[in-house]
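Notes follow once the structure below has been shown.
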Amino acid sequence: MRFSFIAVSLGVLFGASAQADDDVYPVVSDPLTASACGECHMAFQPQMLPARSWKAIMQGLDNHFGEDATVDTMAVSKIESYLVANAGDVGWDNEILRGVSSSSTPLRISELPKWIDEHDEELPANVWSRADVGSKANCRACHRAADKGYYDDD
Amino acid sequence: MKKILLLTLMFTGMAFSNVYAQSPQSVVLTFYENLQREQAVDFKGFSSERGQNLFVSAFSDGKPDIPSCTTCHTPSPTGTGKTRAGKIIEPMALSINNARYTDTVKTEKWFRRNCKSVMGRECTPREKGDFLTFMMGQ
């Protein structure tokens with residue numbers, strides 16, 4: 001009786017963790033990544049882009065979407081290792097990467113087909129120019145707990 | 001021998017008291033002052049007024065959507081700013097944010113990044129010293 005209770009509990013636990021909820025992401029757990037990437041924008045969860053994208057981003061910090069975001073070489077290598085090890089195509093069945101061709105290297109999360117679907121369906125086009133939003137990189141304008149990994153719709 | 005030891009101790013003591021007498025901000029400012037002195041023998045000190053002018057001026061060689069420091073930092077040194085990606089920027093004025101300008105490496109990093117964004121070039125040591133002098137007096 002007791003054994004079956006444990007078995008059922010484990011089943012529930014594992015069932016829940018294997019079924020990735022596309023609105024929930026792990027918190028950025030590397031302090032260097034969290035602080036360095038979080039200086040100008042929210043530190044985005046590495047699961048949102050494939051490993052090749054993070055490599056390209058980390059090798060192009062001198063022109064990071066038009067900004068100089070350079071850090072010292074030691075930091076580049078540590079941050080890149082963390083991002084690549086936790087990338088969205090590494091041991092993670094991630095809905096947000098659906099539709100991304102393996103030959104493309106997206107540099108913006110907001111360019112992903114799934115991201116566009118999720119945001120275009122529900123939102124007016126002028127939402128991005130609203131003063132309290134301002135940018136598609138400003139996840140927390142609407143997803144208040146995005147930095148904690150929660151991207152619920154409301 | 002004794003004399004040498006005594007002299008060494010005296011100088012070590014002076015060096016230590018000097019370090020402890022300086023605020024972290026003055027260490028940062030001295031860094032730029034030394035750089036500027038290397039470039040200009042007739043260096044006459046930094047100017048808060050020039051620093052203020054730098055802060056509020058609009059430039060045309062940087063990113064078109066960030067013509068001025070004030071675009072993100074607000075026109076007031078005591079204002080809380082916002083990056084274009086929505087992050088809060090703590091005020092620049094030292095009087096209400098004394099965590100500012102305590103670390104030369106960090107200060108240099110932000111000058112490098114932000115001067116390029118706003119002005120399309122790196123700032124000179126004099127511009128940096130002027131800017132810091134202005135912000136440290138705010």
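Naming: A, B, ... by sequence-line order, numbering from 1 per chain. Every heavy atom of this structure was used, including side-chain atoms; hydrogens, water molecules and symmetry mates were not.
Side-chain atoms of A/Asp30 never come within 3.5 Å of backbone atoms of A/Ile79 as a donor-acceptor pair (strictly under, hydrogens ignored). Remark: the backbone N or O of A/Tyr82 is paired with a side-chain donor or acceptor of A/Asn86 at under 3.5 angstrom. Not one N or O on the side chain of B/Tyr101 forms a donor-acceptor pair closer than 3.5 Å with the backbone of B/Met135. Remark: the backbone N or O of A/Gly60 is not paired with any side-chain donor or acceptor of A/His64 at under 3.5 angstrom.
For the options B/Gly86, B/Ala85, B/Gly62, heavy-atom pairs under 4.5 Å to chain A are most numerous at B/Ala85. Heavy-atom pairs under 4.5 Å with chain A were tallied for B/Arg112, B/Lys87, B/Arg84; the largest tally goes to B/Lys87. The candidate with the highest count of non-hydrogen atom pairs below 4.5 Å against chain A, out of B/Lys63, B/Lys116, B/Lys82, is B/Lys63.
Looking only at atom types and distance, the side chain of A/Glu80 has a donor-acceptor partner in the side chain of A/Gln59 under 3.5 Å away. Side chain to side chain, B/Tyr32 and B/Thr107 fail the donor-acceptor criterion of an N or O pair below 3.5 Å.
With respect to the salt-bridge test (charged N to carboxylate O, under 4.0 angstrom), the residues B/Arg121 and B/Glu127 qualify. Between B/Glu122 and B/Arg113, none of the side-chain N atoms (NZ, or NE/NH1/NH2) sits under 4.0 Å from a carboxylate O, so this pair counts as no salt bridge.
Below 4.5 Å, heavy atoms of chain B meet heavy atoms from A/Ala131, A/Asp132, all part of residues 120-132 of chain A.
If you measure heavy-atom distances from B/Ile66 to chain A, the contacts under 4.5 Å come from the side chain alone.
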